[in-house]
**Student:** 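Mind having a look at this structure? Questions to follow.
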Amino acid sequence: MIPAEFEYEVAGSVDEAIELLGSREDAKLLAGGHSLIPAMKLRIARPGTLVDIGRIAGLSYVREDGDGIAIGALTRHQDVATSELLREHCGIVAHTAGEIGDPQVRHRGTIGGSVSHGDPASDLPGVLLTLDAELVATGPGGERRIAAADFFTGVFETALGPQDVLTEIRVPSLGGAGWAYLKFSRRAQDWATVGVAAVASNGGAKVGLVSMGATPLRASAVEQALASGADAAAAAEHADEGAEPSSDVAGSADYRRHLVRVLTRRALEQALSG
Amino acid sequence: MTAVGQSVLRKEDAKLLTGQGTYVDNLHPAGTVFVSIVRSPYAHARINGIDVSAAAAADGVVGVYTGADLESLWSGGLPCFWPVSDDIKLVKHLPLATDRARYAGDGVAVVVAETRVAAKDAAELVQVDYEPIPSVTDVEAAVADGAPLVHDDAPGNQAYTWELVTGDVDKVFADAAVTVKERYRQQRLIPTAMEPRGVLCEVNAAGDVTVITSTQGPHIMRTAYTLVLGIPEAKIRVIAPDVGGGFGSKLDVYAEDMIVIGLARKLGRPVKWTEERSEANVATIHGRDVIQEIELAATAEGKITGVRTRLRAAMGAYLQAVTPGVPLLGAWLYAGCYDVQAYDFHCTGVFTNTTPTDAYRGAGRPEATYAIERAIGALARQVGKSAVEIRRLNFIDSFPADIASGLQIDSGDYHAALDKGLEVLGYDAVLAEQADRRAANDRKQLGIGFSTYVEMCGLAPSRILGALRYGAGGWESLSVRVLPTGTVQVMSGTTPHGQGHATTFSQIVADRLGVEVSDVEFLSGDTAVVPTGMDTYGSRSLPVGGVALYHASEKVVAKAREIAAHQLEVAADDLDYEAGRFSVKGSPDKGMHVKEAAYVAWTAHNLPDGMEPGLEATYVYDPPNFSWPSGCHIAVVEVDTETGDVQLARYVAVDDIGNVINPMIVDGQVHGGIAQGVAQALWEEAVYDEDGNLLTGSLLNYLVPSAAELPSYELDRTVTPSPTNPLGVKGVGETGTIASTPAVVNAVLDALEPFGVTDIDMPTSPERVWRAIQEAKR
Ligand SMILES: Cc1cc2nc3c(=O)[nH]c(=O)nc-3n(C[C@H](O)[C@H](O)[C@H](O)COP(=O)(O)OP(=O)(O)OC[C@H]3O[C@@H](n4cnc5c(N)ncnc54)[C@H](O)[C@@H]3O)c2cc1C
């Protein structure tokens, strides 16, 4: 519960954060601190310097932008969960943010931290993958957009470079499309044993999975089955194809494979009923 | 109006809720140095050498010590106060292991530094040359042929055997029309008090040793420190400041206390250790971890005639303060509240390479209650009776009741509690809904589970403890002092760690002495203020300490009566006494209040000849019997038969704890107890991997439930006062934990009845439920 020694810097701007990341050894960004600080207390993470981006002005927002909605990386889960704009146009993101942890976690943790951390058990990454969201990273070479499909590369690994700051998350407006995010956990505050996101699309659905492998996954076999006319129940039987769930105290791999099929069927029934 | 029986708000809360509580870690005497303990990452390893040089050279380090360096500080090992049998193996348990680490978490070296951070950093630099050797963490694997030995001098890893047999058990089983045999697993639990442990020790130039420690037992600790460290007991002052929960885990005598005290004496500086949360999961005792086999013999209608129980109880790697005795605390209760003729209990204690186990809320009694309450369900299935019918057929129904296991239950009315439980539940409506869902093949099935329990608490009659080879008495010592201006001090040998003694005990005294609850000051938890006591465990504070307080108050009243009679110039017998005031029979306006008598007593200007000045009294009460709370708990669960998820939908608890002093505090105890018992049924489980690493080392994966997972309980009571004490009280600290676990598991099994599932291990996780359904389908 006592972290190893570290230096602490406050970044006044994104540029300053990028500069500090480049000039300090083993520097890490600190946003809400609700993934990083627990890891530091267990001495699993030992950054040399924490670069606190929590006070950078202007990175906490939810606004309309072209066809979609742009969410500032420092927006807290609580603000995402209660955003009227998101509720109306991309309800699945608001709903999912409201399913994260407990009230304390939601009032500190940020969407940017949640995405950048690359934890395969996190809820929002799976939903963003399902939505084909875009992630905006700003680094020494300027700004670039990364498709969610290219962003999550491994357990605690993402496409972000060592000097990149995630600045914005861009999600589509869903119009009237049905959606569901079903999170199965032992206790209210827990991470998902399995999570399934489904968004109705072109008569079928896009389906994303949480805690079913090293990264959030798209259940492409399910999507294909739907596209070729299978009903929800039949399509859901394919939910664990290609997944590589782990076994841990929350559940064995076999159980997760079973659970993901049940949850996928239910998520599809919900998303497609609208 | 009397104070007893009222939900007086807790006196302790204003301070605690505004952050003004004082816990060990809040105290920082000038010059304090901090301890960090180097713990074995291996379940079992030889210690071939320890290189402390890098740690010793680190910034801020005062000293680094191995077990060998400190061995001369402790004359013996840590004590086990309960050597239950002749064959017990009292294995050596040094505060720091020297030759071999026997569980993951066993301390092997200690770093002392100027700051907590420096101590922790330097602890990482201690190089221990471990040679891992085969280990065993499972209690059944530990008794298998060829299992690795935790202690070379305990063959077969057997710590002891103990039995209790009455009646002709073999005959009863041979004659039985029906028998059932069940096997249950009490998973290992981690007590998880809100405040982890901590200890701070200061030694002055005169050699006076003050130990401030987060304990349930300052008096027990004082004796233990003397036994282990050889410090004269009168030189030791132990203070338990505000203590943030314990559940039994803080009753124990721990290595860290000895290390801190030993180092404070050696270094001449205040020394402090504060447990980290993940450290607590390995370094503080665990609970349960027992394999139970229970057999019932019964008539064709289901009337139980005999009970036979075989336990294999994990001790862990060492015997802590009362480790071997924990299963015995349930030894009398394996027939529950049912009338049987023959009784056979047998327990084997088993060493494993795990954190030692010891008393955890309910200690032995939750295990016993679980076994009988599940087994009676199995019997009901076999003879085709409902859960309610089988219980009614078997209830003990005349009191006091001499039970087959050999003790006497003081009082009770088990039918009344069941009646009330069914009424509060609205049993018929729930049964109807269950039937509908079954008929509709609903995805979510309802289950109703019963637990009608009796437990023994108010630990304990000293003679019985002696007969069981327990190393201490079971009395309690309480003192009452009326100060010259009429306010009252209570000095209590039992000390709270969350129970609300200050309020409850003030209510008792207020009624006896006719003062306000706010006139009473409750003092405890400091051996300089309250020199003797037997501390807090086994739901004993009220049925033992509270009764001592009653008697001490009566002694004060008796003396005040003499003083009043003298002052009023009448005979003592000519005084009536009500609400603190003595009045002369026949002329009630002539009188004197206890408060006035106190002033007279302390000024001593005009006391009866030969009377000692002052108005105070001590009473040491040794209970003549245990007290026997009982009741009926009913759980309703909703099981998602596809995912295996179990939701606790309703929870009804009807408890009979005798007379109630403070209903609000009682409800609080029941609430917390139910939460802990439900947690065992549904969530909590300490899991070791095959190498003996604790996989549930933090609150991330050791699943303590929160309010979000639990329904609002529906509480009610029946009252059969205990006839063995003048307050008629029985104790309530453990009832919830004892009763609730089987109620919930029985409910889960009831929900799964359509699938033919008749057994499931705890916790009934979604995966276990799902697997049980799959297996039954096959
Ligand atoms: C008790 C508890 C329960 C939780 N339950 C859940 C749950 O159910 N579901 C769930 O999804 N999450 C859960 N979380 C995690 C929570 O959502 C975290 O808030 C989130 O994962 C990280 O966000 P943060 O702002 O706190 O990031 P931090 O902890 O500050 O940072 C996390 C990582 O991301 C990096 N980082 C942060 N911001 C940026 C950025 N803008 N650009 C680049 N890198 C960045 C940091 O350097 C660090 O490596 C829980 C956390 C706790 C403590």
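Residue numbers start from 1 in every chain, and the chains themselves are labelled A, B, ... in the order their sequence lines are given, proteins ahead of strands.
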**Student:** For the candidates A/Pro38, A/Ala188, A/Ala4, which exhibits the highest count of non-hydrogen atom pairs separated by less than 4.5 Å from chain B?
**Tutor:** A/Ala188
**Student:** Whether B/Glu685 and B/Arg188 form a salt bridge (side-chain N of Lys/Arg under 4.0 Å from carboxylate O of Asp/Glu) is what I want to check.
**Tutor:** no
**Student:** Highest number of heavy-atom pairs under 4.5 Å with chain B: which of A/Gln189, A/Arg186, A/Met1?
**Tutor:** A/Arg186
**Student:** Please classify the contact of A/Asp248 with chain B as side chain, backbone, both or neither, using a heavy-atom distance under 4.5 Å.
**Tutor:** neither
**Student:** Under a 4.5 Å heavy-atom cut-off, does chain A meet the side chain of B/Ser698, its backbone, both or neither?
**Tutor:** neither
**Student:** Quick one: do A/Val210 and A/Tyr181 satisfy side-chain contact (heavy atoms from CB on, under 4.5 Å)? Show the steps, please.
**Tutor:** CA-CA 10 Å; A/Val210 169; A/Tyr181 178 66; 3.7 Å; yes
**Student:** If you tally heavy-atom pairs under 4.5 Å against chain A, which of B/Pro705, B/Ser765, B/Ala708 wins?
**Tutor:** B/Ser765
**Student:** Against chain B, label A/Ser252 side chain, backbone, both or neither, depending on which of its atoms sit under 4.5 Å from a heavy atom there.
**Tutor:** both
**Student:** With a 4.5 angstrom heavy-atom cut-off, is it the side chain or the backbone of B/Glu279 that approaches chain A, or both, or neither?
**Tutor:** neither
**Student:** Going by an N to O cut-off under 4.0 Å, is there a salt bridge joining B/Glu642 and A/Arg265?
**Tutor:** yes
**Student:** What I want to find out is whether A/Glu223 reaches A/Arg218 closely enough, with some N-O distance under 4.0 Å, to be called a salt bridge.
**Tutor:** yes
**Student:** Between B/Tyr713 and B/Tyr651, how do the two ring planes meet: parallel, tilted or perpendicular, split at 30° and 60°?
**Tutor:** perpendicular
**Student:** Taking B/Gly198's backbone N and O only, do any of them form a donor-acceptor pair with B/Ser214's side chain (distance below 3.5 Å, no angle check)?
**Tutor:** no
**Student:** With a 4.5 angstrom heavy-atom cut-off, is it the side chain or the backbone of A/Arg261 that approaches chain B, or both, or neither?
**Tutor:** neither
**Student:** Has the side chain of B/Tyr688 got a donor or acceptor atom that lies under 3.5 Å from a matching backbone atom of B/Thr354?
**Tutor:** no
**Student:** Would you mind checking which part of B/Leu682 comes under 4.5 Å of any heavy atom in chain A, side chain (CB onward), backbone (N, CA, C, O), both or neither?
**Tutor:** backbone
**Student:** Which answer fits B/Leu699, side chain, backbone, both or neither, if we ask what part of it has an atom under 4.5 Å from a heavy atom of chain A?
**Tutor:** backbone
**Student:** Taking side chain as everything from C-beta outward and backbone as N, CA, C, O, which of these in B/Trp683 sits under 4.5 Å from a heavy atom of chain A? Side chain, backbone, both or neither.
**Tutor:** both
**Student:** Relative to chain B, which segment of A/Arg256 carries a heavy atom at a distance below 4.5 Å: side chain, backbone, both, or neither?
**Tutor:** neither
**Student:** One thing to verify: whether A/Arg43 and B/Asp121 come together as a salt bridge, which I'm taking to mean a side-chain N less than 4.0 angstrom from a carboxylate O.
**Tutor:** yes
**Student:** Does any heavy atom of chain A fall under 4.5 Å from the side chain of B/Asp689, the backbone, both, or neither of them?
**Tutor:** neither
**Student:** Side chain from CB out, backbone as N, CA, C, O: work out which of these in A/Ile2 comes under 4.5 Å of a heavy atom of chain B, or both, or neither.
**Tutor:** both
**Student:** Does the ring of A/Tyr255 carry B/Arg771 above it, NZ/CZ under 6.0 angstrom from centre and within 45° of its axis?
**Tutor:** no
